[in-house]
Asker: 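Quick one: this structure, given as structure tokens, is what I'll be asking you about.
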Amino acid sequence: MTKRKANRNAAEASESEQQQWSKSKKKRMRVRLMKERQQAQSSAQLHTGMVQLNVVAPTCEKVSLEGKGRTIAVKAGSTPSSALQKAFQERLTGSRFRILNEELYTSTSTTAFQRFQQNPSLFDEYHEGFRHQVEQWPINPVTIIVEQLTQLYLTKRKAEKSNKIMKKIVVADFGCGEAELAKQLLMIRDSGNNTCPFTVHSFDLVAKGPNAELITACDAAHTPLPAATVDYGIFCLALMGTNLADFIREGHRVLKPDGSLLIAEVRSRFESATLSTMETKKNKSNQDVIKSSESSLQEFIQVLDQLGFETYHTDRTNTMFVLLNLKKNGKKPKKDLKYTAKPCIYKRR
Ligand code: SAH
């Protein structure tokens, strides 16, 4: 996309609209248009050794917009007729996403489940904004997790030294969003026997979006999975809700004794200037409450220890998120421990 082309696009907005724009707004619009074109054209290719996956940038859903005293209706499926409408649309999508995001981080998972069940379109609103956020990151953590699981499978198969059909690897994706992880894993084929080596259970507050048939709607703190049936439990940017310990306890319950938990979380949630601010207090009902208004990764790892997990690998190489690999440490998860991490507040675009 050349600068000249972006300028031409901006010029397509009606003249009267453009006349109302300030110089700096015109400049912003040109930059925005250029970025959008680039995103739409970009398609990432992932090579896993066994498969090749094409991940194509998703298209935006259209919404009705209200701006500065007038309503601009953008019909579902239509193309916004002007750059101004498009800009309003983006701002609205962004604000709705940020509000919902904050709500999910600051309410309990039970409240979030009820709210999304009552109004499932909140899921679409959230994910439209979430997609935009992730597109701006150097890499989507889902891609890293797919690579990790593929490698783990290849290593396991090599160790078995045979081409016979191996037991499937059972994955549970807690807070799966639009089930991108399941979609990608289920496309993988073992070239030896042409079967997919994974069974994937995906859970989210509602089953919606392009892969809705792969999703089970539930509160991820209480899944319908039987105990000790999962090889890999995944929390990819999904430790939302103030009752974070409940999610980890659920992960512990469903995991096989030799299973692993993979957590990808936004760095800012677990990193702060102060490293040792954890207080263990007793609340009114004499339960342990770990206060983490200034939580750090170290504190979180300590909490995980009390919830029955040892962190055997920490990857902090990514600028946006941290990746943790956990296995059971033999301790029974503390039943009454409560833990809340800082919410991840996405900045206005
Ligand atoms: N893991 C996906 C989506 C991350 S967005 C990915 O990385 O692409 C976080 C997701 O967690 C959202 O889809 C949100 O609806 C879901 N979520 C938040 N609280 C939840 C809960 N209590 N139970 C199930 N899903 C939850």
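The structure presented is a predicted model; accordingly, all values stated were derived computationally and were not measured. Whatever order the structure lists them in is the order used to number ligands and atoms, beginning at 1.
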Asker: Who gets closest to atom 9 (C) of ligand 1 by heavy atom: Leu237, Asp246, Leu100?
Answerer: Leu237

Asker: Going by heavy atoms, is Phe130 under 4.0 Å from ligand 1?
Answerer: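 Under 4.0 Å: yes for Phe130.
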
Asker: Can you sort out which atoms of ligand 1 are near Val142, meaning under 4.0 Å from one of its heavy atoms?
Answerer: 6 (C), 7 (O), 8 (O)

Asker: Do Thr155 side-chain atoms and Gln151 backbone N/O form a donor-acceptor pair below 3.5 Å?
Answerer: yes

Asker: With nothing but distance in play, are any N or O atoms of Asn140 less than 3.5 Å from an N or O of ligand 1?
Answerer: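 No, no N or O pair falls under 3.5 Å.
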
Asker: Can you find a non-hydrogen atom of Glu178 under 4.0 Å from ligand 1?
Answerer: no

Asker: Using a heavy-atom cut-off of under 4.0 Å, does the side chain or the backbone of Glu180 touch ligand 1, or both, or neither?
Answerer: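 Neither; nothing of Glu180 gets under 4.0 Å from ligand 1.
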
Asker: Check whether NZ of the Lys or CZ of the Arg Lys327 lies under 6.0 Å from the centre of the six-membered ring of Tyr312 and within 45 degrees of that ring's axis.
Answerer: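 So Lys327 does make the cation-pi contact.
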
Asker: Check whether any side-chain N or O of Asn329 sits under 3.5 Å from a backbone N or O of Asp305 as a donor-acceptor pair, and report yes or no.
Answerer: yes

Asker: N/O of Asp204 under 3.5 Å from N/O of ligand 1, yes or no?
Answerer: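 Right, the criterion is met.
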
Asker: Which part of Phe174 is near ligand 1, with near meaning a heavy atom under 4.0 Å away: side chain, backbone, both or neither?
Answerer: neither

Asker: Report yes or no: do Leu239 and Leu326 belong to one cluster of Ile/Leu/Val/Met/Phe/Trp/Tyr joined by side chain heavy-atom distances under 4.5 Å?
Answerer: yes

Asker: Does the ring center of Phe116 lie less than 6.0 Å from the ring center of Tyr126?
Answerer: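 Between Phe116 and Tyr126, the centre distance exceeds or equals 6.0 Å.
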
Asker: Should the proximity of Ala264 to ligand 1, defined as any heavy atom under 4.0 Å, be assigned to the side chain, the backbone, both, or neither?
Answerer: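 It is neither; nothing of Ala264 touches ligand 1.
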
Asker: Flag Cys236 as yes when one of its N or O atoms lies below 3.5 Å from any N or O atom of ligand 1, and as no otherwise.
Answerer: yes

Asker: In terms of atom number and element, which parts of ligand 1 are under 4.0 angstrom from non-hydrogen atoms of Ala220?
Answerer: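 Matching atoms, with element in brackets: 21 (C), 22 (N), 23 (N), 24 (C).
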
Asker: Which of the numbered atoms in ligand 1 are under 4.0 angstrom from any heavy atom belonging to Asp219?
Answerer: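 So the answer, numbered in order with elements, is 21 (C), 22 (N), 23 (N).
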
Asker: Taking a hydrophobic cluster as the set of Ile, Leu, Val, Met, Phe, Trp and Tyr residues connected by side-chain heavy atoms closer than 4.5 Å, whether directly or through intermediates, do Val254 and Leu324 fall within one such cluster?
Answerer: yes

Asker: Determine whether the side chains of Asn325 and Ser260 contain a donor N or O and an acceptor N or O closer than 3.5 Å.
Answerer: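 Distance-only check fails for Asn325 and Ser260.
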
Asker: Any idea how Phe130 and His127 line up, ring-wise: parallel (<30°), tilted (30 to 60°), or perpendicular (>60°)?
Answerer: perpendicular

Asker: Provide the number and element of each atom of ligand 1 under 4.0 Å from a heavy atom of Ser109.
Answerer: 22 (N)

Asker: Run the side-chain contact (heavy atoms from CB on, under 4.5 Å) check on Ile248 and Leu304 step by step: do they pass?
Answerer: CA-CA 8 Å; Ile248 306 294; Leu304 291 168; 3.9 Å; yes

Asker: Under 3.5 Å, N or O to N or O, is Gly175 touching ligand 1 that way?
Answerer: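 Looking only at distances, the answer is yes, because the N/O contact criterion of under 3.5 Å is met.
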
Asker: Around atom 26 (C) of ligand 1, find the nearest protein heavy atom and jot down its residue, atom name and distance.
Answerer: Leu205 CG, 3.6 Å

Asker: Would you say the side-chain atoms of Asn243 and Tyr339 include a donor-acceptor pair closer than 3.5 Å?
Answerer: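 Asn243 vs Tyr339: no donor-acceptor pair found between side chains.
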
Asker: If the contact criterion is a heavy-atom separation under 4.0 Å, does Ala112 count as touching ligand 1?
Answerer: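 The answer is no, since Ala112 has no heavy atom less than 4.0 Å from ligand 1.
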
Asker: Is it the case that ligand 1 has an N or O less than 3.5 angstrom from some N or O of Tyr126?
Answerer: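 There is no such contact.
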
Asker: Can you tell me how far CD of Glu180 sits from SG of Cys236, rounded to the nearest 0.5 angstrom?
Answerer: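 With rounding to 0.5 Å, SG (Cys236) is 10.5 Å from CD (Glu180).
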
Asker: Give the C-alpha distance, both sets of side-chain angles, the deciding distance and a yes or no for salt bridge (Lys or Arg N to Asp or Glu O under 4.0 Å) between Lys208 and Glu178.
Answerer: CA-CA 7 Å; Lys208 275 200 112 222; Glu178 296 186 316; over 6 Å; no

Asker: With a cutoff of 4.0 Å, is Phe235 in contact with ligand 1, counting heavy atoms of the residue only?
Answerer: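 Distance cut 4.0 Å: Phe235 fails for ligand 1.
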
Asker: Below 4.0 angstrom from a heavy atom of Cys218, which ligand 1 atoms are there? Numbered from 1 as shown, please.
Answerer: 23 (N), 24 (C)

Asker: Checking a contact table here: which protein heavy atom is nearest atom 18 (C) of ligand 1, and how many Å away?
Answerer: Met240 SD, 3.6 Å

